[in-house]
Amino acid sequence: MKRMFYCLLLLAWCVGGQSLVYGENIKVLVTPDHEDWKYITGDSVRFIVNISGDVAKEYSVSYEIGPERMTPIVKESFQSSHSNFVIRGGTMHSPGFLRCTVTVSIDEKSYSETATAAFEPEQIKPTVKCPRDFKKFWTETLREARKVPLDTHFTKIDEKCIDTYDVYQVDYLNMEYKNRSYGILTVPKKEGKFPAIIRFPGAGVHPSGGNMFMASKDVITLDLYIHPFSMLWERNFYDNLKSSPYIDYKFWGVDDRESYYFKRVITGCVKAVDLICELDKFDGENLASWGSSQGGALSIITTSLDTRIKMLVALCPAMCDHTGYLKGRAGGWPHFFAPENRSLYEKKEVIKTLSYYDVVNFARQISVPGFYSWGYNDETTPPTSFYSAYNVIKAPKQVYVIPEGKHRIYTEQTNKTYQWILDSFGSN
């Protein structure tokens, strides 16, 4: 692989000539030297390290630099007693993300932090290829799934209902009889027609409790659960799932596009749109999708497959550009071809299957406005992977970046995305 960057010189200096005092409350902060964390390929980046708290005596510093989630190209260590220093990280010669992880060790305790510099991320191109029959496969898959009637059941959850809205568990038939999908539905009590939002779940086996914030705004909400279990059972049931082989659902059946677990997940997501559109109180027009991580992936996927969704939100979407690892760079969650999984999944049939489920290939079909948000320090859904999908979207799009953001949902993301949806409802 072409050498992507070079490491120069480590500089350390004492701020104001003042040593720190030894103690417990240590914080390590690492930031690139550009305020927006963005660089042009060929530019050099310096990672600025600040150590706050009670330190005083000499401590150990180690650091690694390399493309995100790939084997570090630079690994160095040194001793210091200073509160600030700079690591010169070099550059990248093609679009991508350069990550520096710093670990400070003091009296057998270690404190680590990471910063990730973005090199022309809007120029990142996907590695995954789109199958010639991609659209045909999904058109036929959905046609077959819709031959099975919804047969929707509503179970009122009295303890969650309030004066302004009712709350139900809904379940409906998915792609075959006896195969049901589940969600938590809120419906305004007052008379009228209302917009709706479907919220898709992040990875895991625990169900959501419902979207009460948007419910309070006179919006019909549906929080989906992708697994074929009621959402109303005792918590220990889902805890047991988490410690069972079921937690590996994201890998099941990946040798064939017909048997991959996400086939029933995706058909269940699209049939959730059918469910919303059958509600008497839905206004028939204003329908949004929202999701983070796995949910961000499902938001893009479902929106691309159903034109009744008029706007989408995707935060740090997973399942993007799986084959990145096979081209020497980070790929998307769940990391089929990362070093720890590559020996199991680097097979022609797996690569073929994943091309039908890769978010990049759905993103190419997006035709409605979208709001996208993420952070550069995300280690679960690497920025290289989700920019591969974001960059192929031709529809109107707005992005909100929290450069230091990791793999979590931040309050400002939730506020901005929900307000964007509410404003979009008002403009339709």
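Numbering starts at 1 and runs along the sequence shown. Computation of the quantities below employed the complete heavy-atom set of this structure, encompassing side-chain atoms and omitting hydrogens, waters and symmetry-equivalent molecules.
Listed for the Asn391 side chain is a donor-acceptor partner under 3.5 Å among the backbone atoms of Pro121. In terms of modelled atom types and a separation under 3.5 Å, the side chain of Asp321 and the main chain of Gly331 share no donor-acceptor contact. Judged by distance alone, with hydrogens and angles left aside, the side-chain atoms of Gln79 form no donor-acceptor pair with the main-chain N or O of Glu58 at under 3.5 Å. With hydrogens and angles ignored, the 3.5 Å screen pairs a side-chain donor or acceptor of Asn174 with a backbone N or O of Arg264. Under the 3.5 Å distance criterion, the side-chain polar atoms of Asp43 are matched with a main-chain donor or acceptor of Ile40. Side-chain atoms of Asn361 come within 3.5 Å of backbone atoms of Ser355 as a donor-acceptor pair (strictly under, hydrogens ignored). Between the Lys310 side chain and the Phe425 main chain, no donor and acceptor come within less than 3.5 Å of each other. Here the side chain of Ser373 pairs a donor or acceptor atom with the backbone of Tyr400 at under 3.5 angstrom.
Atom CD1 of Ile197 is separated from atom CE of Met311 by 9.5 Å, given to the nearest 0.5 angstrom. Put simply, NZ on Lys348 and OG1 on Thr353 are 12.0 Å apart, with the number rounded to the nearest 0.5 Å. Taken to the nearest 0.5 Å, the SG atom of Cys130 stands 6.0 Å off from the CZ atom of Arg364. In this structure, the separation between CD1 on Ile247 and CG on Asn240 is 12.0 Å, given to the nearest 0.5 Å. Separating the OG1 atom in Thr384 from the CD1 atom in Ile124 is a distance of 4.5 Å, to the nearest 0.5 Å. Atom CD1 of Ile276 sits about 8.0 Å away from atom OG1 of Thr221, to the nearest 0.5 Å.
With a 6.0 Å cutoff to the six-membered ring centre and a 45° limit on the axis angle, Arg408 counts as a cation-pi contact of Tyr410.
Shown here are the salt bridge (Lys or Arg N to Asp or Glu O under 4.0 Å) partners of Lys156, two or more places apart in sequence or in another chain: Asp166. Scanning for side chain to side chain donor-acceptor pair (under 3.5 Å) contacts around Tyr249 gives Gln294, with sequence neighbours left out. Remark: Phe47 pairs with no residue by the ring pair (Phe, Tyr, Trp, His ring centres under 6.0 Å) rule, at least two apart or across chains. Residues passing the side chain to side chain donor-acceptor pair (under 3.5 Å) test with Arg199 are Asp223, Tyr418, sequence neighbours excluded. For Glu258, the salt bridge (Lys or Arg N to Asp or Glu O under 4.0 Å) partners two or more places apart in sequence, or in a different chain, are Lys263. By the side chain to side chain donor-acceptor pair (under 3.5 Å) test, Lys397 pairs with no residue at all, sequence neighbours left out. Looking at residues two or more places apart in sequence or on another chain, you find a side chain to side chain donor-acceptor pair (under 3.5 Å) between Lys406 and Glu113. For Arg180, the salt bridge (Lys or Arg N to Asp or Glu O under 4.0 Å) partners two or more places apart in sequence, or in a different chain, are Asp151, Asp171. Applying the ring pair (Phe, Tyr, Trp, His ring centres under 6.0 Å) test to Phe371 and every residue at least two apart in sequence or in another chain returns Trp420.
Residue Tyr357 comes nearest to Arg257 through the heavy atom pair OH-O, 2.6 Å, listed as atom of the first residue, atom of the second, then distance. Heavy atoms only, all atoms of each residue included: Thr186 and Val219 are closest at OG1-O, 3.9 Å. Minimum heavy-atom separation, Pro317 to Thr381: O-CB, 3.8 Å. Ser105 and Tyr59 make their closest contact through O-CB, 3.5 Å (heavy atoms, listed as atom of the first residue, atom of the second, distance). The two residues Ile309 and Thr303 have their closest heavy-atom pair at CG2-OG1, 3.6 Å. The two residues Pro95 and Thr41 come nearest to each other via the heavy atoms N-CG2, 3.7 Å.
In summary, the side chains of Ser385 and Arg69 do not present any donor paired with an acceptor at a separation below 3.5 Å, with no hydrogens or angles considered. Side-chain contact, Ser289 with Ser299: a donor N or O sits under 3.5 Å from an acceptor N or O. Side-chain contact of Asn377 with Thr114: a donor-acceptor pair under 3.5 Å is absent, judged by distance alone. Looking only at atom types and distance, the side chain of Thr127 has a donor-acceptor partner in the side chain of Thr323 under 3.5 Å away. Looking at Thr116 and Glu68, their side chains never bring a donor and an acceptor atom within 3.5 Å of each other. In the model, Trp333 has no side-chain atom that pairs as donor or acceptor with a side-chain atom of Ser293 under 3.5 Å.
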- request: Please assess Tyr376 against Asp36 for the test side-chain hydrogen bond (donor to acceptor under 3.5 Å, both in side chains), listing each intermediate value before the final yes or no.
  value: CA-CA 11 Å; Tyr376 294 157; Asp36 62 359; over 6 Å; no

- request: Determine, step by step, whether Val359 and Phe386 satisfy the side chain to side chain contact (heavy atoms under 4.5 Å, CB included) criterion, reporting the C-alpha distance in whole Å, the side-chain angles of both residues, the deciding distance to 0.1 Å, and the verdict.
  value: CA-CA 9 Å; Val359 169; Phe386 52 63; over 6 Å; no

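The aromatic rings of Tyr246 and Trp252 sit perpendicular, their planes meeting at an angle over 60°, well past the 30° parallel limit. In this structure, Tyr387 and Tyr390 have perpendicular ring planes: the angle between them is above 60°, well past the 30° mark. His227 and Tyr225 have perpendicular rings, their planes meeting at more than 60° on a 0 to 90° scale where under 30° would count as parallel. Note: His206 and Tyr238 have tilted aromatic rings, judged against thresholds of 30 and 60 degrees for the angle between ring planes.
Listed by first then second residue, pairs satisfying salt bridge (Lys or Arg N to Asp or Glu O under 4.0 Å) with a partner in residues 233-249 read Arg235-Asp239, not counting sequence neighbours. Pairs engaging residues 286-306 under the salt bridge (Lys or Arg N to Asp or Glu O under 4.0 Å) rule: Arg146-Asp306, Asp306-Arg308 [sequence neighbours left out]. Every pair passing salt bridge (Lys or Arg N to Asp or Glu O under 4.0 Å) that includes a residue from residues 115-127 is listed here, sequence neighbours excluded: Lys38-Glu122.
A ring-ring contact (aromatic ring centres under 6.0 Å, His included) with Phe137 is found for exactly one of Tyr356, Phe362, Tyr260, namely Tyr356.
Atom NZ of Lys27 is surrounded by 12 or fewer heavy atoms from other residues, nucleotides or ligands within 6.0 Å. Within 6.0 Å of CD on Glu35 lie no more than 12 heavy atoms contributed by other residues, nucleotides or ligands.
Between Cys269 and Leu224, some side-chain heavy-atom pair lies under the 4.5 Å cut-off. Looking only at side-chain heavy atoms (C-beta outward), Trp138 and Ile266 come within less than 4.5 Å of each other. A heavy-atom distance below 4.5 Å is not found between the side chains of Leu344 and Phe251. Counting only heavy atoms from C-beta outward, the side chains of Trp37 and Thr31 approach each other to under 4.5 Å. In this structure, the side chains of Phe154 and Val170 come closer than 4.5 Å at one or more pairs of heavy atoms. Looking at His335 and Pro382, their side chains come closer than 4.5 Å, going by heavy atoms from C-beta outward. Looking at heavy atoms from C-beta onward, Val61 lies out of side-chain contact with Thr103 at the 4.5 angstrom threshold.
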